[in-house]
Every structure is written in C-alpha cells, then in structure tokens.
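Everything on this sheet refers to the single structure shown next.
Throughout, residue positions are numbered sequentially from 1 according to the sequence presented.
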Amino acid sequence: MTILVSYLYPSCAQYVDDYITSLERQTYKNFQVVIFNDGVSNAYDLFEKSKLKFKLIDLSGSPLQIRYKSFSYLKSLDLSYIIFQDLDDLLTSNRISHALDLLEDFDLVCNDLSLMDESSRLFKENVWEARLGGFFEFDYPFIWNKNIVGLGNTAIRKSVLDSELAKDPIPIAADWFIFFQLLYKKNLKAVFTSGAQTLYRQHSNNLVGLSEVSSSRIKQALKVKINHFKALINSGIDAKKYYLEALSLQKAFEENTCSFTPRSDNFFWWEETTLINQ
C-alpha cells in the first residue's frame, strides 16, 4: 500500500481545494491520503467532497512535536511506501508514479522544486536541476550543511522508519533533523530527480522560501543550523565542527564584522550562509 502524507494547519486551509485537485490529477491512482490535522476545526468539511480516500488524524502540540508523533504513527502502519506533500503546495501529475518507480531501487527519493506565487502562478521551474542534473544519487554527507529533503518533496520506503528517531525539542527545521537521522543511522541510498516536481508556493508564511535572499533570511538560516547541529550532538551524532562554524558565523554577523554578497544561485535549503564574507 502507498499513502500520501500531509499536515493541515489553519494558515494553509485556504489551499485545500487546489491541493485536492492536484492529487486527483495524479496518473497513479492507487494511494490513500493521511492528513495530520493541527488545529483546523472544520477539517472534515474541507475534504468531504473529494473522491479520494482520506484519513484525518487530529494531533496536538508544537509543529515539531506533531511531526514526531506523526512519524511514530506512520511507523506502526502496514504499508510499503510513503509520499510526503505540503498541503499549501501542488505536485506535478507524475510525482507519485515517478517516486514509486525510483523507490524500487532507492530508500529515499526527493524531487525538484518549481516556484509559484500565492495565486499558483508558476514563475521558476526546476530550481535545482541546473546544479544537480536530472538524476543525482547521494547519502547523508551531502546534507550535512544544507538540505534538499523536505516534507513536501520526499518519498520513502516505509522500512526507512525502522530506525529509532531522537526527538530533541530544539530543531526548527523538523524535516532536516528527521531525514538526516534516517539517512545517517542506516547509511541509506537516496536520489534526487527532476523528473517530477513539487510546485513550491512562495508566501509570507513559508519559512524557507527560495525566491529572495536577505539579511534576515541569513540570520534565520544560522539559527536553524545552530539548533540543528546542537540537536544532532544531543542525539549522539558528531556535528561539533558544523555547530562551531555556525556559532562563529552568527557572532560575526551580529557584531557586523562580516558582510554578505546578495546573489541568486538556486540555493538549497539553509545554504544561504555561504554568502557570508568574513
């Protein structure tokens, strides 16, 4: 069995109709949808008209706690594959079928992003293809200091969840912390593909938008990295080198002893800190 997993919260409820339409257009039809509901009171009403098989599960807690709880739930299920999709984003019609094809040979598949605005107008396609090509195999070292594996563009074999997750309370980027652990603990095989895309919505509530680099965004990336590396250290993974580097950059940035050179290089998530000149 294959399931598609998303997280529903109040600020993304406005996108549910587009999300459902995007799922209904998938060329692969034999999947169920699991929605983890974080505080939307009329959640069942939003999905009742869809012909898709939906299961809504109410969870409470911080966004990070809800992600941890959801992964514990997913681990208990009897199924083969899990596709993750952000509810405020869309997906190309072949995303599920393409991911399932690649999961025959890989433990984890992440796909490229195409950027769209709040009104779903596409303005930049295949953001990472120019850097990674159409097909790029990798393992955990590639995402030590940056990330391309998110809860909106990733699919996994369910067996990936056999590893025990450390559930540290301090990460800001839950997807990075969770998927890094899963890749690291069993040295899993992963692949990036541009053969399908997540249509990644750029809006004010999007913590990791890719459309513009600013001083505040670099500060946020440094904070994310410091918390991420500290959480890895707390879980027994030797990330001290990266933690100290991020602390040093943060101090230099706060004391104005460095600068950054604005440019657009189709950054991976949290990679903006490479713009800092010390």
Side-chain angles (χ1 to χ4, degrees), residues 1-8 19 22-23 26-38 47 52-59 61 63-87 89 91-112 135-140 142-143 147-168 171 173-193 195-198 235 237:
M1 184 171 76
T2 297
I3 64 170
L4 182 138
V5 172
S6 297
Y7 299 85
L8 175 65
Y19 166 83
S22 192
L23 295 186
Q26 289 300 295
T27 56
Y28 183 86
K29 305 293 186 183
N30 189 23
F31 65 96
Q32 296 182 3
V33 183
V34 174
I35 304 290
F36 293 107
N37 179 31
D38 176 11
F47 295 94
L52 297 172
K53 298 176 182 178
F54 280 92
K55 182 173 185 179
L56 274 78
I57 300 169
D58 294 326
L59 293 178
L64 178 63
Q65 289 169 338
I66 286 172
R67 272 45 174 192
Y68 289 153
K69 290 177 182 179
S70 69
F71 271 72
S72 295
Y73 173 83
L74 295 172
K75 187 175 181 177
S76 71
L77 299 180
D78 182 17
L79 51 87
S80 300
Y81 304 111
I82 304 171
I83 316 290
F84 293 94
Q85 174 68 30
D86 282 337
L87 207 145
D89 296 336
L91 56 168
T92 53
S93 62
N94 68 331
R95 186 178 166 228
I96 295 178
S97 62
H98 190 58
L100 293 178
D101 286 344
L102 290 173
L103 286 171
E104 293 290 325
D105 298 312
F106 294 91
D107 301 296
L108 180 149
V109 175
C110 65
N111 57 259
D112 209 345
F135 185 87
F136 174 73
E137 297 182 35
F138 67 97
D139 52 12
Y140 77 87
F142 183 74
I143 60 168
N147 191 32
I148 60 171
V149 185
L151 286 169
N153 73 324
T154 297
I156 61 172
R157 295 176 178 172
K158 193 262 182 173
S159 58
V160 167
L161 301 183
D162 291 345
S163 297
E164 287 297 322
L165 281 176
K167 298 177 181 178
D168 195 280
D175 49 5
W176 191 16
F177 184 61
I178 290 171
F179 286 127
F180 182 89
Q181 289 186 72
L182 294 175
L183 288 175
Y184 176 89
K185 290 186 175 183
K186 295 179 70 175
N187 198 23
L188 300 178
K189 292 170 55 182
V191 67
F192 163 87
T193 177
Q197 297 87 46
T198 295
S235 66
I237 296 173

Checklist entry - Is atom NZ of Lys186 surrounded by more than 12 heavy atoms (other residues, nucleotides or ligands) closer than 6.0 Å? => result yes

Next on the checklist: Test your reading of the model: is there a side-chain donor-acceptor pair from Gln85 to the backbone of Leu4, 3.5 Å cut-off?
Outcome noted: no

Item to check | Spacing of Ser159 atom OG and Leu188 atom CG [to the nearest 0.5 Å] | outcome: 8.0 Å

Checklist entry - With side chains defined as the heavy atoms from C-beta onward, is the minimum distance between Leu182 and Leu161 less than 4.5 Å? => result yes

Checklist entry - Do Arg95 and Ser22 come within less than 4.5 Å of each other through their side chains, counting heavy atoms only? => result no

Checklist entry - Hey, mind stepping through Phe177 and Leu165 against side-chain contact (heavy atoms from CB on, under 4.5 Å) and telling me if it holds? => result CA-CA 9 Å; Phe177 184 61; Leu165 281 176; over 6 Å; no

Next on the checklist: Counting C-beta onward and ignoring hydrogens, is there a side-chain heavy-atom pair between Val160 and Ile82 closer than 4.5 Å?
Outcome noted: no

Item to check | Worked check of side-chain hydrogen bond (donor to acceptor under 3.5 Å, both in side chains) between Asp58 and Asn37 | outcome: CA-CA 5 Å; Asp58 294 326; Asn37 179 31; 2.8 Å; yes

Checklist entry - Does the side-chain contact (heavy atoms from CB on, under 4.5 Å) test come out yes or no for Tyr7 and Leu87, once each step is laid out? => result CA-CA 6 Å; Tyr7 299 85; Leu87 207 145; over 6 Å; no

Item to check | Positive for ring pair (Phe, Tyr, Trp, His ring centres under 6.0 Å) with Phe179, one of Phe84, Tyr184, Tyr140 | outcome: Phe84

Next on the checklist: If you define the side chain from C-beta out and look only at heavy atoms, does anything of Leu151 sit under 4.5 Å from Asp86?
Outcome noted: yes

Next on the checklist: For the CD1 atom of Ile148 and the CG atom of Asp175, what is their distance to the nearest 0.5 Å?
Outcome noted: 12.0 Å

Next on the checklist: I want to check something: taking the side chain as every heavy atom from C-beta on, are Asn187 and Asp139 in contact at a cut-off of under 4.5 Å?
Outcome noted: yes

Item to check | Closest heavy-atom pair and its distance - Ser163, Lys185 | outcome: OG-CB, 4.0 Å

Checklist entry - Is it true that a side-chain atom of Asp38 and a backbone atom of Pro63 form a donor plus acceptor pair closer than 3.5 Å? => result no

Checklist outcome for this item: Shortest non-hydrogen pair, Phe31 vs Leu23, comes out as CZ-O, 3.8 Å

Checklist entry - Should the heavy atoms of other residues, nucleotides or ligands under 6.0 Å from NZ of Lys75 be counted, would the total exceed 12? => result yes

Checklist entry - Do Thr2 and Asn30 have side-chain atoms, one donor and one acceptor, less than 3.5 Å apart? => result no

Next on the checklist: For a 4.5 angstrom cut-off between non-hydrogen side-chain atoms, does Ile83 reach Tyr28?
Outcome noted: no

Checklist outcome for this item: The reported gap from CZ in Arg157 to CG in Leu103 (rounded to nearest 0.5 angstrom) is 7.0 Å

Checklist entry - Heavy atoms, side chains only, cut-off 4.5 Å: are Met1 and Gln32 in contact? => result yes

Checklist outcome for this item: Here the pair of heavy atoms bringing Ile66 nearest to Gly61 is CD1-O, 3.6 Å

Next on the checklist: For Tyr73 and Val5: C-alpha separation, side-chain torsions, deciding distance, then whether side-chain contact (heavy atoms from CB on, under 4.5 Å) applies.
Outcome noted: CA-CA 11 Å; Tyr73 173 83; Val5 172; over 6 Å; no

Checklist entry - Is the Phe54 ring parallel, tilted or perpendicular to the Tyr19 ring (thresholds 30°, 60°)? => result tilted

Next on the checklist: Can you confirm whether Thr27 sits close enough to Ile96 that some side-chain heavy atom of one is under 4.5 Å from a side-chain heavy atom of the other?
Outcome noted: no

Checklist entry - Could you give the distance from OG1 (Thr193) to CZ (Phe136), rounded to the nearest 0.5 Å? => result 13.0 Å

Checklist entry - Does a salt bridge link Lys189 with Asp107, judged by any charged N lying under 4.0 Å from a carboxylate O? => result no

Checklist entry - Has the side chain of Trp176 got a donor or acceptor atom that lies under 3.5 Å from a matching backbone atom of Pro171? => result no

Next on the checklist: Going by side-chain hydrogen bond (donor to acceptor under 3.5 Å, both in side chains), Thr198 matches just one of Asp89, Asn111, Asn153. Which one?
Outcome noted: Asn111

Checklist outcome for this item: Taking every heavy atom of His98 against every heavy atom of Gly195, the minimum-distance pair comes out as NE2-CA, 3.6 Å

Item to check | Least distance between heavy atoms, Leu59 atom then Lys69 atom | outcome: CD1-CB, 4.2 Å

Checklist entry - Phe138 vs Phe142 aromatic rings, parallel, tilted or perpendicular, using cut-offs 30° and 60°? => result tilted

Checklist outcome for this item: Tightest non-hydrogen contact, residues Asp168 and Leu64, listed as O-CD2, 3.4 Å

Next on the checklist: Could you go through Lys158 and Tyr81, starting from their C-alpha distance and side-chain angles, then the distance that decides it, and tell me whether this counts as side-chain contact (heavy atoms from CB on, under 4.5 Å)?
Outcome noted: CA-CA 5 Å; Lys158 193 262 182 173; Tyr81 304 111; over 6 Å; no

